[in-house]
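Here the structure comes first, spelled out in structure tokens, and everything after it is commentary.
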2 protein chains.
Amino acid sequence: MSIKDSVTENLIKETAKKVFFVEGRFNATTQEIADAAGVNRTLVNYYFRSRDLLFEKVLVEGQQEFRASLEETINPAFTFKEKIGHFIDVWMAHSLKYPYLDAYLASQANSGNYLDKMHKSKSQEEEKKKAAFLKEIKLEMEKGTIPEMDPMQYMINLISMISYPLSMRPVLEKAFNLNKKNYAAILDGRKNAILKSLFKD
Amino acid sequence: MSIKDSVTENLIKETAKKVFFVEGRFNATTQEIADAAGVNRTLVNYYFRSRDLLFEKVLVEGQQEFRASLEETINPAFTFKEKIGHFIDVWMAHSLKYPYLDAYLASQANSGNYLDKMHKSKSQEEEKKKAAFLKEIKLEMEKGTIPEMDPMQYMINLISMISYPLSMRPVLEKAFNLNKKNYAAILDGRKNAILKSLFKD
DNA sequence: ATTTTGTTTAACAATTTTGTCAAACACAGA
DNA sequence: TCTGTGTTTGACAAAATTGTTAAACAAAAT
């Protein structure tokens, strides 16, 4: 992150994020992005040299922002249920901001080999926090407040129930015959529904 | 579905499905598909006229196959839990065959306006079955065997927990530092983990 | 006022991807 | 064998997308 980030450079970058992660248009061209940003397409090359470099930067930053969000997640002296609740809040807020981020990651992982560039700087700390969280889940299972299973599975259940309804929104809307308003109502109720499924009571 | 489906025509179509739905390469070119199928690219145009028409056909058929799978789902005199278990089996089997189908649907829904072509022939029957299933969920909640919530939310929880780990596989593998073998083990345990989260006991 | 620096633009070139067409091919039926 | 039909191929054209360059521009520094 250089201090001198040109306004235009940032505009292009943010617009690209919007197109990919908010609108979910995974194969947008540089022209489309430039149009969306209201700038000349050549500026994409001027600031990012190539289309791929822009995409890569956007992808990396998207992940960083995501992890930054999650930083504030596993912190304080909350009860376990409160922690999970907070986790849902934070993750949902971010998934609401960038509904298609993980789908984009998956698609890029498959198409190019962006997998290398993904998750470069996975710090030791993060690993420890994750392990600690899994251990906490296990503990809670022994206490009997949540159903017994591999803590990893529990984690995956949690993440799935948060993310899927957001990244598959248009599909689910069609499948269930819901309009925007209906679906918004559904999303409002997600947190409770998830908690109900994760806790015995 | 015409009776005379040329071998080559089918080969191209199935290969395209594989590239999109199995390998998750959403922006594959006609050349790449032709190569994967081992045929001359021109044949794509010969049989499907244009790239878009191929994509559309593949997309529609993908949905049809999916729904055909689900047909056998909501049938017999099973207990509710057995029904859900069976539902998981069927849906997982299909999601295992086409892990990226719904992600592809979502991405297409966003990029083009394929949404129109999606879900054309949603029969009355299907609607009724779906409604009946939701009612059955509600009934079960009143019996107290599953947590109380909007039945639609319950349904979404179910689908999310099935599909997400499959369509986001590469992302989750990275995020959790799992190799193919580890992840396969996780997938093996999914059904139980999902059932544990869906049923009070 | 004039250089300098960084930014923006338009015109152009290169590349990639798609679509068309005529010729070659295979093979069944007359 | 010859003809007809459908299939396959390669060469080419067209379109779309990306990348480059030189010139125009703006605003600050000298």
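Below, chain A is the first sequence line, B the second, and so on; all start at residue 1.
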Checklist entry - How does DNA chain C read in dot-bracket, base by base from 5' to 3', with Watson-Crick or G-U pairs under 3.5 Å and | used when the partner is on another strand? => result ||||||||||||||||||||||||||||||

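With sequence neighbours excluded, the residues that form a side-chain contact (heavy atoms from CB on, under 4.5 Å) with A/Asn182 are A/Leu178, A/Asn179. Not counting sequence neighbours, the partners of A/Lys18 by the side-chain contact (heavy atoms from CB on, under 4.5 Å) test are A/Val22, A/Glu23.
A/Asn110 places a side-chain N or O within 3.5 Å of a backbone atom of A/Ala106 that can act as its donor or acceptor partner.
Across the protein-nucleic acid pair, A/Asn27 atom CG and C/dT18 atom P stand 11 Å apart, rounded to whole Å. Note: CG (B/Asn10) to P (D/dT7) measures 13 Å, nearest angstrom. For the pair B/Asn40 CG and C/dA23 P, the computed distance is 18 Å after rounding to whole Å. Rounded to whole Å, the distance from CZ on B/Phe55 to P on C/dT17 is 12 Å. Nucleotide D/dT18 holds its P atom 12 Å from the CG atom of A/Asp35, rounded to whole Å. Summarising the geometry, the separation between CD on A/Glu9 and P on C/dT8 is reported as 10 Å, rounded to the nearest angstrom. The CD-P distance, from B/Gln31 to D/dT9, rounds to 12 Å in whole Å. Distance, B/Leu43 CG to D/dG10 P: 10 Å, rounded to whole Å.
Residue B/Tyr47 forms a side-chain contact (heavy atoms from CB on, under 4.5 Å) with just one option from B/Asn45, B/Leu43, B/Val44, and that option is B/Leu43.
Counting non-hydrogen atoms under 4.0 angstrom, A/Tyr47 reaches the backbone sugars and phosphates but no base.
Of all nucleotides listed (C/dT8, D/dT7, D/dT18), C/dT8 comes nearest to the side chain of A/Thr8.
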Next on the checklist: For B/Ser69 and B/Trp91: C-alpha separation, side-chain torsions, deciding distance, then whether side-chain hydrogen bond (donor to acceptor under 3.5 Å, both in side chains) applies.
Outcome noted: CA-CA 7 Å; B/Ser69 287; B/Trp91 194 303; over 6 Å; no

Going by atom type alone, with no hydrogens or angles, which donor-acceptor pairs under 3.5 Å involve a side-chain atom of residues 150-159 of chain A and a protein atom two or more places apart or on another chain?
unit_1, atom_1, unit_2, atom_2, d
A/Asp150, OD1, A/Met152, N, 3.0
A/Gln153, OE1, B/Arg190, NH1, 2.8
A/Gln153, NE2, B/Ile186, O, 2.8
A/Tyr154, OH, A/Leu198, O, 3.0
A/Asn157, OD1, B/Arg190, NH1, 2.9
A/Asn157, OD1, B/Arg190, NH2, 2.6
A/Asn157, ND2, B/Ala193, O, 3.3
A/Asn157, ND2, B/Ser197, OG, 3.0

Between N or O atoms, less than 3.5 Å apart, protein on one side and nucleotides 19-21 of chain D on the other: list the pairs.
unit_1, atom_1, unit_2, atom_2, d
D/dG19, OP2, A/Asn45, OD1, 3.4
D/dG19, OP2, A/Arg51, N, 3.0
D/dG19, N7, A/Arg41, NH1, 3.2
D/dG19, O6, A/Arg41, NH2, 2.8

Pairs: protein N or O with nucleotides 24-28 of chain D N or O, under 3.5 Å:
none

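Contact check on A/Glu125 versus A/Lys128 returns no salt bridge, with no Lys/Arg side-chain nitrogen under 4.0 Å from an Asp/Glu carboxylate oxygen.
When ring centroids are compared, B/Phe26 and B/Phe20 stay outside the 6.0 Å threshold.
For the pair A/Lys81 and A/Phe199, the cation-pi criterion (under 6.0 Å, within 45° of the ring axis) is fulfilled. Judged by a 6.0 Å distance limit and a 45° cone about the ring axis, B/Lys57 is not positioned over the six-membered ring of B/Phe48.
Looking at every heavy atom in both residues, A/Phe21 comes nearest to A/Gly62 through CE1-CA, 4.1 Å.
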